[in-house]
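This is a predicted model, so every value here is computed, not measured. Within every chain, numbering begins at 1; the chains are lettered A, B, ... in the order of the sequence lines, protein sequences first and strands thereafter.
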Amino acid sequence: MEFQSIEKKWQKAWEDKKIFHAKEDSKKKKFYNLEMFPYPSASFLHMGHVRNYTIGDVIARFKRMQGFNVLYPMGYDSFGLPAENAAKKSGIHPKKYTEDAIKKITEYFKAMGNSYDWSRTISTHEPEYYKWNQWFFLKFLERGLVYRKKAPVNWCHECKSTLANEEVVDGCCWRHETTKVEQKELEQWFIKTTAYADELLKDLDKLNWSDRLKHLQRNWIGKSDGLLFSSPVKGSDIILQTFSTHFEAFKADTFIAIAPDHPLLQKLLDGVKNKNEILEFCKKIIQKRKTQKEPEIEGIFTGRYTIDPVGNGELPIWVTSFAIADYGTGIVKCSAHDQRDFEFAKKHNIRLKAVLVPQDPALRKKVENFEICYTDMKNGLLTEPKEFTGKKAGPARQEIIDYCAKQNLAKQTTNYKLRDWLISRQRYWGTPIPIIYCGKCGAVPVPEKELPVLLPEKVDFKVQGNPIASATSWAETKCPKCKSPAKRETDTMGGFVDSSWYFLRYCSPKEKKLPFTKKAVDYWMPVNQYIGGIEHAVGHLIYSRFWTKVLRDMKLLNFDEPFAALFNQGIVYKDGHKMSKSFGNVVYQTDISEKYGIDTARVFLMSVGAPESDMEWSDSGVEGAFRLLQKISKIAELKFKKPDAKDDHKRNILIKNYTQLLETLKFNLAIIELARYADYLAENPTREGYETLLTLLSPFAPHTAEELWHEIRNKSFVSVEQWPAVDEKAISKEIEQQEQILEKTIEDMRRIIKIVNKAPKKIYLYAIPKELDLYKSLKETLQKEFSAEIEVWANNNIRKYDPEHKAEKAKPGKPGIYIET
RNA sequence: GCGGGGAUAGCGAAGCGGUCAAACGUGCUAGAUUCAGAGUCUAGUGGCUUAGUGCCUUCGUAGGUUCGAAAUCAACGAAAGUCCUACUCCCCGCACCA
């Protein structure tokens, strides 16, 4: 088979003629279609990738043919650890390693035949790109959105670098799934994502994203309203802040729980005689958290008390395993009206107090005797404070907030789980952070006109720690302010900075003076269709949204959200596992393209199920897709006839249904429609029909369609052919009905023949008079179908031949049938 | 615990109020073409039944609720993978979250 030459031929022709190059054109409606750009790995693409990028390409091609001005670029997220690790291992410089990988992967991408505009390609490791990361960093710094802070941060000892919260999965590094992330106290750069927490949450409503994904983000942002209580510690100047969302029964609080890894703990324990024992205990709990999925609830008394601000007296402070340093303030006021607190108190004989009771007196007794824990903050009745005695807790919530505020007992606050974004990485292969440390002036930003701060190329990868630090001549510089000797920041930015705005760069990839041209961005953005895996739900997709909002406030953009619609493709499985090297179940692009051609892979991947659902790879399924393309190819060899009404009907109904299915991304169903029509065309070949078929096929099987398009002597590119319009007038109800009747009749005849179990010599049909002409018109088709002579009679014709009185069975839409053998 | 998605014939997968014994693909069976195979084509693929348009049983399990038809009104009746409720199982997020 010659698919390989066909594929190459058309890929080259498309590129030579630049038919997929996008140009701003204010007269045309734009459509920005984008797949999440990949890290350029030198390994082959497997079917999971092919599926993902095919979905994008089908959309791009379809929209383009529909007359949209389509921007469909591809580029590389080319900073990252693999290149650096390769350098350590084999001595290849990350730059060379990356650029070689880009060359290779670009070849694989091109071999898929996707209609990317390659003239807009970007790679984030190029100074022309990362210069703007630095520029944004400085701008954000000016706006107070970047700051440096000493804080406990996530540390992966495999990466030998810090990680953002979003890069920690199940307590492990996202790149090293079995490596537990440790906490280290380090001075690091942060971006203030929390400044936009509320807006990030609110604007989710605007987006055409899946509920699941929105939910993930909502969860991650984790907004909750509550009260912040400040409790002074007895005999100390420490004030403990506690945060409660279920504060209705605040008069019941009888003890305080603090997280074992809470920063205040050390100070709190000063002067406590069993301090070391307590700290030992804390270590143990922290250790357990790392190793156990659901560690048991444990705690130890600190020997200290708070003086409760709301008049609950002195509350003992306990270190407990269930308090989390990261959530709220890391300290909780505990009471009898929380299941966990209740159980903990009982276990450790801590005093309890009930101020929330059910209506039922018997039940109330049990609650007051602490036999059961009552937590109904909606319907429970309050007994304290006295202003609220007898009131239902739920409706009183707001009043309690007001009450506490008025009495200065607590402050209403909103808490977010979202943390500021830690961007410092102690790695070489990333964007240098444009900061200079001066003994006198402190951390001084590199002046804008000195950007980019180029990544030094001559570094020693064999050293311990960050290789960049070995570039001493680079690191040693002068303070931009006072000109005294100073040192450059040797940390680089995490890769998510690169991917937070790359979609803007595609709009004007060659722009030199700014990260992007405003005019181009105004025209192309926002991305109409973004395609990628759900695993980026809380990382990249939050950062990009944040970045967009900041740029909007900098007046660089005039929209709030970068990705109007987001599509999460399903996963490709084989033998019950996600396709991946570690399972050894990978089917590569080349495995299929060499045997069947890439179009077969594309058609199969699009036909097996809805694009958003997971799918199982099947070798026999591929054969089916291959057969379909073969079948379609063979039609080109047939002699075309002039189309009749039925041909027009069939063709137009196909266009109508098919277009509808593509609009709704039901690619699997669209391919079925196409296959059905191909069967029809094989029997009733018309040029119009075939051209339509090829046009509609071209998004899925672009090379095959292009080749056949030229085989029937067309000169243009079907890839940019106009999408056919539906001629509603050609769609006929009668033809549709006739079709159905024909099918039904054939089915009946077959059944009888099967029962008779002999080849028919002659078949007689007895139609009701009204339908006589209809059946006469079907005669020829039926004769062909059964290769037997057929006679059609009116059922009331007295001269008819009807030895078995089958005419009596005739009904509207159902002829009587007599089969002679 | 919270949330999202599922469960349909051997497998994959449509259908999401009546036209459903359930599209399409794959697998399997039979027939045709062929020395044979591959390929291609045709038919069959829940059960029973009749020279057909019939009946029965099925869409995770168990219950429940109805409306409409090519115009209107009234009455009666019948119909659920499809709607509702509960449950079971599977996948995926988040989670001692105060």
Side-chain angles (χ1 to χ4, degrees), chain A residues 169-170 210-220 222 224 226-227 242-247 253 256-257 259 285 289 292-298 320-324 326-335 337-341 343-344 375 415-417 534-535 537-538 568 570-571 573 603-604 607-610 612-625 627-628 630-631 634 666 668-669 671-676 679 682 740 744-758 760 785 787 804 806 809-821:
Chain A
V169 180
D170 283 339
S210 68
D211 288 343
R212 184 179 162 208
L213 208 140
K214 287 194 204 177
H215 182 82
L216 285 176
Q217 288 212 351
R218 280 196 192 101
N219 229 323
W220 189 260
S224 48
L227 288 179
T242 59
F243 175 75
S244 314
T245 56
H246 299 299
F247 50 75
D253 296 339
I256 302 280
I285 292 177
R289 267 191 194 162
Q292 290 172 21
K293 247 214 144 99
E294 274 182 48
E296 58 177 316
I297 290 180
E298 290 176 279
T320 72
S321 61
F322 63 78
I324 304 157
D326 274 351
Y327 186 77
T329 62
I331 308 167
V332 201
K333 291 223 291 173
C334 301
S335 78
H337 300 298
D338 177 281
Q339 190 69 39
R340 197 190 45 211
D341 299 350
E343 281 165 22
F344 186 82
T375 61
N415 183 58
Y416 295 94
K417 255 164 70 181
I534 191 127
E535 67 272 17
V538 296
N568 301 117
I571 298 165
Y573 288 89
V603 169
F604 171 65
S607 72
V608 76
E612 68 273 16
S613 52
D614 295 343
M615 62 170 279
E616 176 79 20
W617 175 264
S618 130
D619 290 327
S620 49
V622 181
E623 303 261 353
R627 273 176 221 155
L628 172 63
Q630 292 301 304
K631 194 185 282 173
K634 280 191 189 139
K666 295 189 171 168
N668 50 332
L669 302 183
I671 290 169
I672 290 170
E673 289 289 326
L674 204 69
R676 226 176 254 164
D679 281 337
Q740 275 174 18
K744 214 65 185 149
T745 310
I746 290 174
E747 202 186 309
D748 286 345
M749 289 162 77
R750 268 205 194 114
R751 264 192 206 165
I752 302 167
I753 291 167
K754 198 182 156 197
I755 289 160
V756 176
N757 202 18
K758 263 186 203 164
E785 183 75 36
S787 16
E804 292 193 15
K806 297 293 182 192
K809 296 217 173 193
K811 277 187 199 168
K814 280 274 178 193
I817 302 166
Y818 172 63
I819 292 182
E820 204 169 57
T821 54

| side-chain N/O A:Arg627 vs B:G25 OP1/OP2, d < 4.0 Å | no
| task | Return the nearest nucleotide to the side chain of A:Lys417; candidates are B:A98, B:C94, B:A23. | result | B:C94
| said: What is the separation between atom NZ on A:Lys214 and atom C1' on B:C92, rounded to the nearest whole Å? | reply: 19 Å
| Rounded distance in Å between the C1' positions of B:G27 and B:A13 | 14 Å
| field | Closest-nucleotide ordering on RNA chain B, the 5'-leading residue of A:Ser618 and A:Ile331 | value | A:Ser618
| task | Report the residue (A:Phe247 or A:Ala625) whose heavy-atom-nearest nucleotide on RNA chain B is the more 5′ of the two. | result | A:Ala625
| note | Picking from B:A98, B:C94, B:C41, the nucleotide nearest the side-chain atoms of A:Val332 would be B:A98
| query | In the strands shown, is B:A30 matched to any nucleotide by a Watson-Crick or G-U wobble pair with both distances under 3.5 Å, and which? | reply | B:U42
| request: Have a look at A:Gly330 and say if it touches a base, only the backbone sugar-phosphate, or nothing, with a 4.0 Å heavy-atom cut-off. | output: base
| field | Student check: side-chain heavy atoms of A:Ile534 and A:Arg212 closer than 4.5 Å | value | yes
| Whom does B:C94 pair with, Watson-Crick or G-U wobble, provided both distances fall under 3.5 Å? | B:G1
| field | Nucleotide nearest A:Lys631 (side chain, heavy atoms from C-beta), chosen from B:A98, B:A14, B:C41 | value | B:C41
| request: Please tell me which of the listed nucleotides, B:A98, B:C92, B:A23, lies nearest to the side chain of A:Ser244? | output: B:A98
| said: Taking only the C1' atom of each, what is the distance from B:A23 to B:U8 in whole angstrom? | reply: 12 Å
| request: Determine the minimum heavy-atom distance between A:Ala625 and A:Val603, stating which atoms define it. | output: CB-CG1, 4.0 Å
| A:Ile297 side chain reached by A:Arg340 side chain, heavy atoms, under 4.5 Å | yes
| task | Counting Watson-Crick and G-U wobble pairs only, both distances under 3.5 Å, name the nucleotide matched with B:A62, or none. | result | B:U85
| Between B:C28 and B:G10 - C1' atom distance, rounded Å | 8 Å
| remark: Taking a pair to mean Watson-Crick or G-U wobble geometry with both distances below 3.5 Å, B:C24 pairs with B:G12
| B:G6 and B:U72: how far apart are their P atoms, nearest whole angstrom? | 35 Å
| note | Of the listed B:A13, B:A98, B:C92, the closest approach to the A:Asn668 side chain comes from B:A13
| query | Roughly how far, to the nearest 0.5 Å, is CG of A:Leu628 from CZ of A:Phe604? | reply | 13.0 Å
| said: Both distances below 3.5 Å, Watson-Crick or wobble geometry, any strand: find the nucleotide opposite B:G18. | reply: none
| task | Between B:G31 and B:C92, how far apart are the C1' atoms? Round to whole Å, please. | result | 48 Å
| request: Would you indicate whether the side-chain heavy atoms of A:Trp617 and A:Val608 approach each other to under 4.5 Å? | output: no
| message | What contact category does A:Ala610 fall into here, base, sugar-phosphate, or nothing, at under 4.0 angstrom with non-hydrogen atoms? | response | sugar-phosphate
| said: If you define the side chain from C-beta out and look only at heavy atoms, does anything of A:Lys417 sit under 4.5 Å from A:Tyr327? | reply: yes
| Candidates B:A98, B:A14, B:G12 - which lies nearest the side chain of A:Val608 | B:G12
| message | Between B:G25 and B:A75, how many Å separate the two C1' atoms, rounded to a whole number? | response | 49 Å
| request: Return the value, rounded to whole Å, for the distance between atom CG of A:Asp619 and atom P of B:U26. | output: 14 Å
| A:Asp341 vs A:Lys333 side-chain heavy atoms within contact, under 4.5 Å | no
| Applying a 3.5 Å limit to both distances, which nucleotide forms a Watson-Crick or G-U wobble pair with B:A70? | none
| request: Could you check which of B:A13, B:C24, B:A98 has an atom nearest any side-chain atom of A:Ile672? | output: B:C24
| A:Arg340 has a side chain; which of B:C94, B:A14, B:C97 sits nearest to it? | B:C97
| query | Expressed in whole Å, how much space separates the P atoms belonging to B:C20 and B:U45? | reply | 16 Å
| task | Determine the interatomic distance between C1' on B:A14 and the same-named atom on B:C24; round to the nearest Å. | result | 7 Å
| request: Measure from the side-chain heavy atoms of A:Ser620 and tell me the nearest of B:G4, B:U26, B:A14. | output: B:U26
| Length of the CD-P vector between A:Glu673 and B:G25, whole Å | 12 Å
